[in-house]
There are 2 protein chains.
Amino acid sequence: MSNATVSNAFNRPDQLSKSKREEILKACKELGYFGPNKAAQSLRKGSFNIVALVLPDSVEYMVSDPVASSFMRGVASVLEAQHINLLLFSGTADNVGDIVDFVDGLICYGRPRNPKLIEHLANVSKQVVTVDFDLPSHASINIDNQQAAFDVASKALNDESDVAIFGLRLLDTDLLCRVYEQSLIDLETSIAHQRYSGYLKAIEECGLTLGEDRVWNIPESSERFANIAAKELLNLSPRPNTVLCMSDLIALPLLREAKKLGVKIPQELKVVGFDGVDEALRFSPSLTTIHQNSEEKGREAAKLFLDKSDAKVMLGYTLKMGQSC
Amino acid sequence: MSNATVSNAFNRPDQLSKSKREEILKACKELGYFGPNKAAQSLRKGSFNIVALVLPDSVEYMVSDPVASSFMRGVASVLEAQHINLLLFSGTADNVGDIVDFVDGLICYGRPRNPKLIEHLANVSKQVVTVDFDLPSHASINIDNQQAAFDVASKALNDESDVAIFGLRLLDTDLLCRVYEQSLIDLETSIAHQRYSGYLKAIEECGLTLGEDRVWNIPESSERFANIAAKELLNLSPRPNTVLCMSDLIALPLLREAKKLGVKIPQELKVVGFDGVDEALRFSPSLTTIHQNSEEKGREAAKLFLDKSDAKVMLGYTLKMGQSC
DNA sequence: CTGTTAGCGCATTCAA
DNA sequence: TTGAATGCGCTAACAG
């Protein structure tokens, strides 16, 4: 009874006699051997049944975001069915090397915060699927952010609009600030830019202009920063009467704060969001927003991955009219 | 120049001359070799820099839950600092064998839904930390669920209470149903039972009894099931005037539904929750609940793990009085 | 300071 | 049907 025979007993039952196999299995049980070591097996075979989920930011931040959570849910639902496990990787790290050798490939949700990581990702020789951003010669899933932003902004704007924008990480900084130098915005790639560009187009079509103190950079889609920005905005004089928000999560605190101050919505303040999270639809006044099906995004990403596809897929979105404009 | 020397060039710079090292590193770069293969390295060394996070249920369900998300955030914040990555493992699976050979150990958040998994977990020979349940001879973190449930229930109850309980997975079923046969409840281990037992004690101390149609089994902490249970309860005649809910997430839909029907809170209906999620504190009327610091739980679990501890730790909780009772 | 050897645990030849 | 040999890529121990 050699190691190879034992291997066969576990992996290729047809390669040995039934009696021998049972004899081996029984002996293994007695010795406390519960089957091949998966690490060694994977080293040998080169497959791991593990997929890295590369997050845009730290794991900490990620799991708080309902949009990201929906995405994960979609991914997990497809991969779980194939007994593939998820390895979380922070978008703030840059050492993909630490994990690439353990996984069959990577699904990257959102442009990672760390630019070095993006470089490394581009050079990975395993299957990669990117979502909400692109990498040359890898599969990707996107929605038309510019068109969607244009659509939702157009619903809020009219010729009396004094418009402001709550931008999501328009600048590469962790600071909440106004964006005075609009040239600083990375025009190339981020979804923030695409949405920004859609807003500008809608503003232009209404014959409006955007005041130079009217654009906020909110570093992450969190209540904390959005609260501060909301207060800044509401204390302005003259106060903007229309706010285009790049995510629902930063629009909701604005609605809450405005309600608290007795500002009438939508008469005195119109607000639109982006993403279509449950809370935005449930809130009173409900938020006009772009709904994107994040769970479907996750499922599609997982499918592209399983198919070893290199397709560039564009998904749809839905404009949800609420009471906020 | 041998393989071992190259290995040293990467891992033990002090073992060879600076010139040799640079020569090697340069040659590697040209050949497109970016350092040791981590899978092979780990096979050799037996350490992986990966920790499995064993979830109580499927990944899909997990990421929707704000309490679980906080926990993950806590775990991740500690492990990320050590460059340890998280591998998610579903509590509905039973093949820990698929991943145990890839990780340095496991952190198990909540009693896994799959009983087979629990058996396997008990036999794992790597470091294991359990949270909100126990495994013999492994480290664990808990809160005193029974006492906490007693505390919060006591705030809601008086001698005029007609009390009902929204239980979280009191029965091992995916069905929303009433719990008529209270003997069916697994008395041993689940946090649901511990909380149930605390409720009963509080009810008894008030000299009350629990009607036999007054206990609901809600299979998971989700809005969907809680909505249905809320409607069932509010349509009852006589209607309970006090509801003890085993999580905030199932208490909130009840508050919403009651508000919609114009039921006065707390005059006509008192509600208490468990967990202390943000939304519960923000809601109007705010929910009286037990706040447990899930993020701290996560951090502590990660620390126990890193310390290779086998301690059984009991964490505190806080009673948060709201307007709901 | 450098190179050789052995083996982590496995699965695939190939010969018997 | 079985078993001996080889190597996946790496590193610890040792010899030079």
Side-chain angles (χ1 to χ4, degrees), chain A residues 1-50 52 83 85 87 95-105 123-127, chain B residues 1-50 52 83 85 87 95-105 123-127:
Chain A
M1 175 159 71
S2 77
N3 57 348
T5 312
V6 177
S7 174
N8 281 333
F10 280 97
N11 299 318
R12 316 163 116 196
D14 50 315
Q15 296 293 309
L16 71 176
S17 67
K18 194 154 193 172
S19 62
K20 190 84 188 169
R21 178 173 143 87
E22 277 168 8
E23 177 194 334
I24 290 176
L25 260 35
K26 189 180 152 216
C28 285
K29 205 160 235 169
E30 281 169 14
L31 292 168
Y33 177 88
F34 296 107
N37 178 299
K38 299 290 175 181
Q41 193 169 41
S42 287
L43 175 62
R44 181 64 228 257
K45 304 218 278 193
S47 83
F48 298 83
N49 283 350
I50 297 178
H83 296 285
N85 295 103
L87 178 62
N95 45 340
V96 229
D98 284 2
I99 56 130
V100 273
D101 295 330
F102 288 115
V103 301
D104 296 322
N123 294 321
V124 166
S125 59
K126 300 193 171 182
Q127 173 72 9
Chain B
M1 177 160 70
S2 78
N3 56 350
T5 312
V6 177
S7 173
N8 281 332
F10 279 97
N11 299 318
R12 316 163 117 198
D14 50 313
Q15 296 293 309
L16 71 174
S17 67
K18 196 155 192 174
S19 62
K20 191 85 187 168
R21 178 174 143 87
E22 277 168 10
E23 178 195 334
I24 290 176
L25 259 37
K26 191 180 148 215
C28 285
K29 206 160 233 171
E30 280 170 14
L31 291 168
Y33 178 87
F34 296 107
N37 178 298
K38 300 290 174 181
Q41 195 170 40
S42 288
L43 174 62
R44 183 60 228 257
K45 304 221 274 195
S47 82
F48 299 82
N49 283 348
I50 298 178
H83 297 284
N85 295 104
L87 178 62
N95 45 338
V96 229
D98 284 2
I99 55 130
V100 73
D101 294 329
F102 287 115
V103 302
D104 297 321
N123 294 322
V124 166
S125 59
K126 300 194 172 182
Q127 172 71 9

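So you know, we letter chains A, B, ... as the sequences are listed, proteins then strands, and number each from 1.
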Side chain to side chain, B:K38 and A:I99, heavy atoms closer than 4.5 Å: no
Could you work out, with side chain to side chain contact (heavy atoms under 4.5 Å, CB included) as the rule, every residue matching A:D104, not counting sequence neighbours? A:S47, A:F48, A:N49, A:F305
Stepwise side-chain contact (heavy atoms from CB on, under 4.5 Å) test for B:Q41 and A:D101: CA-CA 10 Å; B:Q41 195 170 40; A:D101 295 330; over 6 Å; no
Not counting sequence neighbours, which residues clear ring-ring contact (aromatic ring centres under 6.0 Å, His included) with A:F10? List them please. A:Y33
Nucleotide by nucleotide, 5' to 3', does protein get under 4.0 Å of the base (B), only the sugar-phosphate (S), or neither (-) in nucleotides 6-16 of chain C, counting heavy atoms? -BBBBBB----
Starting from [atom2] on [N], measure out to [atom1] on [X] and report it in whole angstrom.
| X | N | atom1 | atom2 | result |
| --- | --- | --- | --- | --- |
| A:F48 | D:dG9 | CZ | P | 10 Å |
| B:I24 | C:dG3 | CD1 | P | 7 Å |
| B:D14 | D:dA12 | CG | P | 12 Å |
| B:Q15 | D:dA15 | CD | C1' | 14 Å |

In degrees, rounded to 10°, what is the bend between the two ends of the helix from C:dC1-D:dG16 to C:dA16-D:dT1, using five pairs at each? 50°
What's the separation between atom CG in A:N8 and atom CD1 in A:I24, rounded to the nearest 0.5 Å? 8.5 Å
Distance from A:F102 atom CZ to B:N85 atom CG, nearest 0.5 Å? 9.0 Å
Output every pair passing salt bridge (Lys or Arg N to Asp or Glu O under 4.0 Å) with a member in residues 26-37 of chain B, not counting sequence neighbours, ordered by first then second residue. none
Could you note down all residue pairs passing salt bridge (Lys or Arg N to Asp or Glu O under 4.0 Å) where residues 10-19 of chain A supplies at least one of them, sequence neighbours left out? none
Contact under 4.0 Å: A:T5 side-chain N or O vs D:dT2 OP1/OP2: no
